[in-house]
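Values below: all heavy atoms of this structure, side chains included; hydrogens, waters and symmetry mates excluded. All residue numbers in this chain count up from 1 along the given sequence.
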Amino acid sequence: MVHFVGAGPGAPDLITLRGAELLRTADVIIYAGSLVNPALLGMAKAECRIYNSAEMTLEQVLAVMREAEAAHQTTVRLHTGDPCLYGAIREQMDALDAEGVAYDDTPGVSSFCGAAAAVNGEYTLPGVSQSVIITRLAGRTPVPERENLASMASHGATMVIFLSSGMLDRVQAELLKGAYTTETPAAIVYKATWPEEKVLHCTVGTIAQSAAEAGIRNTALVLVGDFLRPTYERSKLYDPAFTTGFRQGTV
Ligand code: SAH
């Protein structure tokens, strides 16, 4: 059986209990070496065979899985953060379906949650934004035209931008074509939850400059929106006057 597992954003103790148990018992681990913290591999049993998928094609990954299946062994396919975001899991799952290989998926803490923790942020602040747009800039890998960054930015909602830290001049220019201004708060979070984590607070007008000054070119998320400002409304859920299914309000 193949277990897709979310490794979490970096800190090895942010993998789930289920994910850790699967790592401990795996016969084969194929990990996304560009981003998964290698410290997690320390959980593997001594005889486990470990492959770094950063150096492999889809065909090579599938060949390793197939070989393990033939030997009735268990494979963990370890993806960074949560596998459902930019994990390229669907093509692996479709290939396994076609070969009748059983698999399952264990979620992980995505880096967008790790980055929120790094800024002690709440993406969905009442009266500020109730939506989080997770997206990326088109680069060597395309993004459907209807999802271009400027149109995503037209909502002025909280935005988390993946896979774009090498193109921040363009990120900034596209954001400014939307609802944000040069003064809209932004943050660049480099290697959230890793020991070398860095948080740069800036504005949409200074994203590229801030990252350049700090030498950040990869493994970062750009957070954008007024959720980074100090002003918001109190939540209704915890307002004494508000009745919920669990509590009678005072008014
Ligand atoms: N599935 C992963 C995302 C993989 S795409 C997840 O759920 O987080 C790879 C991109 O994720 C990187 O280019 C970077 O933008 C972001 N990323 C991954 N780990 C990160 C971390 N610890 N800190 C900041 N950004 C991270």
Side-chain angles (χ1 to χ4, degrees), residues 8-11 14 32-37 54 80-82 85-86 109-125 127-232:
L14 285 178
S34 54
L35 284 165
V36 167
N37 191 335
T80 182
D82 188 286
L85 289 174
Y86 309 111
V109 177
S110 174
S111 60
F112 84 90
C113 302
V119 299
N120 293 322
E122 179 178 346
Y123 290 140
T124 54
L125 270 183
V128 175
S129 180
Q130 290 291 289
S131 311
V132 185
I133 296 179
I134 289 172
T135 189
R136 55 169 300 185
L137 190 62
R140 286 176 62 214
T141 323
V143 170
E145 178 47 34
R146 64 178 182 278
E147 296 174 21
N148 70 70
L149 194 58
S151 71
M152 291 289 155
S154 67
H155 298 281
T158 297
M159 205 179 244
V160 182
I161 305 166
F162 280 71
L163 291 162
S164 306
S165 37
M167 311 178 275
L168 292 177
D169 284 326
R170 273 178 56 213
V171 165
Q172 190 173 316
E174 294 301 307
L175 292 176
L176 289 173
K177 290 182 195 163
Y180 309 113
T181 72
T182 51
E183 299 311 308
T184 303
I188 299 158
V189 183
Y190 170 74
K191 292 200 105 174
T193 81
W194 290 69
E196 56 270 47
E197 171 185 292
K198 268 190 211 151
V199 177
L200 308 177
H201 284 278
C202 58
T203 64
V204 170
T206 61
I207 291 173
Q209 185 196 336
S210 307
E213 281 169 10
I216 292 174
R217 268 172 234 95
N218 52 29
T219 326
L221 290 172
V222 180
L223 316 182
V224 183
D226 286 331
F227 83 95
L228 289 161
R229 269 192 218 290
T231 44
Y232 60 95

Residue pair [X] / [Y]: nearest heavy atoms and the distance that separates them:
X      : Y      : value
Val36  : Thr80  : CG2-N, 3.7 Å
Val189 : Ala118 : CG1-CB, 3.9 Å
Ala192 : Gly114 : CB-C, 3.7 Å
Thr193 : Gly10  : OG1-N, 3.4 Å
Ser210 : Leu200 : O-CD1, 3.5 Å
Leu176 : Thr181 : CD2-C, 3.5 Å

Only counting residues at least two apart or in another chain, list the ones meeting side chain to side chain contact (heavy atoms under 4.5 Å, CB included) with [X].
X      : result
Leu163 : Tyr86, Arg136
Arg229 : Pro185, Asp226, Thr231
Ser111 : Pro9, Phe162, Leu221
Ala179 : none

Backbone N or O of [Y] within a donor-acceptor pair of the [X] side chain at under 3.5 Å?
X      : Y      : result
Thr206 : Cys202 : no
Ser164 : Ile161 : no
Asp82  : Ser110 : no

Applied to residues 197-223, the ring pair (Phe, Tyr, Trp, His ring centres under 6.0 Å) test, sequence neighbours excluded, yields none
Residue set satisfying side-chain hydrogen bond (donor to acceptor under 3.5 Å, both in side chains) with Glu213, at least two apart, ordered chain then number -> Gln209
For Glu122, which residues count as a side-chain hydrogen bond (donor to acceptor under 3.5 Å, both in side chains) partner, sequence neighbours excluded?
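By the side-chain hydrogen bond (donor to acceptor under 3.5 Å, both in side chains) rule, Glu122 matches no residue at all.
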Across all chains, not counting sequence neighbours, the ring-ring contact (aromatic ring centres under 6.0 Å, His included) partners of Tyr180 are none
With sequence neighbours left out, the residues meeting ring-ring contact (aromatic ring centres under 6.0 Å, His included) with Phe112 are none
Side chains of [X] and [Y]: does their closest heavy-atom pair fall under 4.5 Å?
X      : Y      : result
Val132 : Thr124 : yes
Val222 : Val160 : no
Leu228 : Val119 : yes
Thr184 : Thr203 : no

query = Does any pair with a residue in residues 165-187 pass salt bridge (charged side-chain N to carboxylate O under 4.0 Å, His left out), and if so which ones, sequence neighbours excluded?
reply =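 For residues 165-187: Glu174-Lys177.
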So salt bridge (charged side-chain N to carboxylate O under 4.0 Å, His left out) across residues 186-208, not counting sequence neighbours, yields Lys191-Glu196
How many angstroms lie between atom [atom1] of [X] and atom [atom2] of [Y], to the nearest 0.5 angstrom?
X      : Y      : atom1 : atom2 : answer
Glu147 : Leu137 : CD    : CG    : 12.5 Å
Ile188 : Leu168 : CD1   : CG    : 6.0 Å
Tyr123 : Met159 : OH    : CE    : 12.5 Å

- [ ] Could you go through the side-chain contact (heavy atoms from CB on, under 4.5 Å) check for Thr219 and Leu35 one step at a time?
- [x] CA-CA 8 Å; Thr219 326; Leu35 284 165; 3.4 Å; yes
Side chains of residues 148-156: which donor-acceptor partners sit under 3.5 Å, not counting sequence neighbours?
from: Asn148; atom 1: OD1; to: Ala150; atom 2: N; distance (Å): 3.2
from: Asn148; atom 1: OD1; to: Ser151; atom 2: N; distance (Å): 3.0
from: Asn148; atom 1: ND2; to: Glu145; atom 2: O; distance (Å): 2.9
from: Asn148; atom 1: ND2; to: Glu145; atom 2: OE2; distance (Å): 3.0
from: Ser151; atom 1: OG; to: Arg146; atom 2: O; distance (Å): 3.4
from: Ser151; atom 1: OG; to: Asn148; atom 2: O; distance (Å): 2.9
from: Ser154; atom 1: OG; to: Ser151; atom 2: O; distance (Å): 2.6

